[in-house]
Amino acid sequence: GVAFEEVQVANDALTVVVNPNNPVTCLTVDQLKSVWEPKSKLNNWSEIQGLQPSFDAELALYSPGTDSGTFDFFTEAINGEEGAQRTAGVNDIGEDDNATVTGVGGAEGGMGYFGFSFYQENQDTVKALEVDGGQGCVAPSAQTAQDGSYTPLSRPLFVYPSAQALENETVDAFLQFYLDNINAIAEQIGFIPLTDQQLQESQSKLESLTSGGGGTTTG
């Protein structure tokens with residue numbers, strides 16, 4: 001029952017990671033779905049249809065907990081329904097992405113997913129897969145997240161001021177301060193900065209919201 005607005009403040013690229021010794025470099029969305037969907041019974045990389053190159057190793061899957069926004073976004077983007085994911089054979093690591101790094105790095109057939117910045121911090125332990133969302137294989141990067149070509153796993157990140165909060169001049173000033181500084185620190189806190197166009201759109205939206213036009217329910 002809370003009326004709110006959303007203001008984009010950054011980008012991210014959810015990254016599917018595998019063991020560095022895995023010869024596979026790219027999976028299609030359908031292949032990822034065949035592994036992660038609720039009804040999946042795949043237990044070995046060799047069971048993934050159309051896999052190139054062939055790879056014979058037991059799947060060792062690592063997933064964020066169900067309270068994670070990463071979990072929600074990945075399951076909707078890949079499996080077509082938020083929160084829908086297999087449980088059999090999946091290691092639930094909760095909020096500890098380090099457990100995914102350790103697990104995937106230690107298992108030849110390991111696979112997991114988390115935010116792009118966490119991959120960047122652990123490139124010596126895990127390998128990022130390219131994803132084919134229908135237009136060919138695309139690697140996760142700041143550029144492909146910003147231009148939207150890393151589909152469907154690039155995502156915008158938002159703050160959500162309520163309609164009531166937007167009536168408070170102090171909150172309005174904080175939001176303006178947030179946008180004025182977010183690109184300078186986005187990478188330091190693990191996010192991909194806004195493009196110039198995205199930042200301009202967020203600034204314009206905030207201006208319209210704080211000049212009397214805000215406070216409608218969205219989402």
Between the CZ atom in Phe71 and the CD atom in Glu76, the distance rounded to the nearest 0.5 Å is 11.5 Å
* **Note, Pro152 side chain near Val131 side chain (heavy atom, < 4.5 Å)** => yes
Between Gly109 and Ala57, the two heavy atoms sitting closest are CA-CB, 4.0 Å
Given the options Thr75, Thr100, Val90, Ser63 meets side chain to side chain contact (heavy atoms under 4.5 Å, CB included) only with Val90
Separation between CG (Leu27) and CD (Glu130), nearest 0.5 Å, reads 10.5 Å
TODO: Walk me through it: do Phe191 and Val9 pass the test side-chain contact (heavy atoms from CB on, under 4.5 Å)?
DONE: CA-CA 9 Å; Phe191 300 138; Val9 295; over 6 Å; no
Minimal heavy-atom distance between Thr66 and Asp72, with the atoms involved, is O-OD1, 3.9 Å
Does the side chain of Thr28 pick up a donor-acceptor pair with the side chain of Asp30 at under 3.5 Å?
no
* Within the distance-only criterion (no hydrogens, no angle test), does the side chain of Ser202 pair as donor or acceptor with the backbone N or O of Val7 below 3.5 angstrom? -> no
Exercise. If only atom types and distance count, is the side chain of Glu58 paired as donor or acceptor with the main-chain N or O of Asn43 below 3.5 Å?
Worked result: no
**Backbone of Asn21 reached by a side-chain donor or acceptor of Glu108 within 3.5 Å** = no
- Within the side chain of Lys127, is there an N or O that forms a donor-acceptor pair under 3.5 Å with the backbone of Asn22? yes
With heavy-atom distances below 4.5 Å as the criterion, would you say the side chains of Val24 and Val18 are in contact? no
- Query: Backbone N or O of Asn79 within a donor-acceptor pair of the Trp36 side chain at under 3.5 Å?
  - Reply: no
Checklist entry - Is there a donor-acceptor contact under 3.5 Å linking the side chains of Gln203 and Glu207? => result no
Donor-acceptor pair, Asn19 side chain versus Val104 backbone, under 3.5 Å? yes
To the nearest 0.5 Å, atom OG1 of Thr70 lies from atom CG of Asp12 at 7.0 Å
The reported gap from CD in Gln31 to CG in Asp132 (rounded to nearest 0.5 angstrom) is 8.5 Å
message = Counting neighbours of CD on Gln176 that are heavy atoms of other residues, nucleotides or ligands and sit closer than 6.0 Å, is the number greater than 12?
response = yes
Shortest non-hydrogen pair, Val159 vs Pro161, comes out as O-CD, 3.4 Å
Enclosure of Gln164 CD (heavy-atom neighbours >12, cutoff 6.0 Å): no
ILVMFWY network linking Phe116 to Leu129, side-chain heavy atoms under 4.5 angstrom: no
Check your understanding: Is there side-chain contact between Tyr150 and Asn11, with heavy atoms separated by less than 4.5 Å?
Key -> no
Any side-chain to backbone donor/acceptor pair from Ser154 onto Ala13? Under 3.5 Å, distance only.
no
In Tyr119, Tyr113, Phe118, the residue satisfying side chain to side chain contact (heavy atoms under 4.5 Å, CB included) with Thr15 is Tyr119
In terms of heavy-atom contacts, Leu199 and Leu179 come closest through CD1-O, 3.8 Å
- Do Ile192 and Val138 share a hydrophobic cluster, counting only Ile, Leu, Val, Met, Phe, Trp and Tyr and linking them when any side-chain heavy atoms are less than 4.5 Å apart? no
Between Asp124 and Glu121 the two heavy atoms that sit nearest each other are OD1-O, 4.4 Å
d(Thr210 OG1, Glu169 CD) to nearest 0.5 Å is 10.0 Å
Same cluster for Leu153 and Ile48 if Ile/Leu/Val/Met/Phe/Trp/Tyr side chains link at under 4.5 Å? yes
Original post:
Do Thr151 and Thr144 come within less than 4.5 Å of each other through their side chains, counting heavy atoms only?
Top reply: no
Please check: side-chain N/O of Gln198 versus main-chain N/O of Thr195, any donor-acceptor pairing under 3.5 Å?
yes
Exercise for review: Please check if the side chain of Ser46 supplies one atom and the backbone of Asp56 the other of a donor-acceptor pair under 3.5 Å.
Suggested key: no
Common cluster, Trp45/Tyr62, ILVMFWY with side-chain heavy-atom separation under 4.5 Å: no
Does any non-hydrogen side-chain atom of Phe114 lie less than 4.5 Å from one of Val101?
-> yes
Self-check item: Donor-acceptor contact below 3.5 Å, side chain Arg86 vs main chain Val35
Solution: yes
Please tell me whether Phe177 and Leu166 are part of a single hydrophobic cluster in this structure, the criterion being side-chain heavy atoms less than 4.5 Å apart. no
How about Glu201: does its CD atom have over 12 heavy atoms from other parts shown lying under 6.0 Å from it?
yes
To the nearest 0.5 Å, atom NZ of Lys205 lies from atom CD of Glu6 at 5.0 Å
- prompt: So with a 6.0 Å cut-off around CG of Asp196, is the heavy-atom count from everything else above 12?
  reply: no
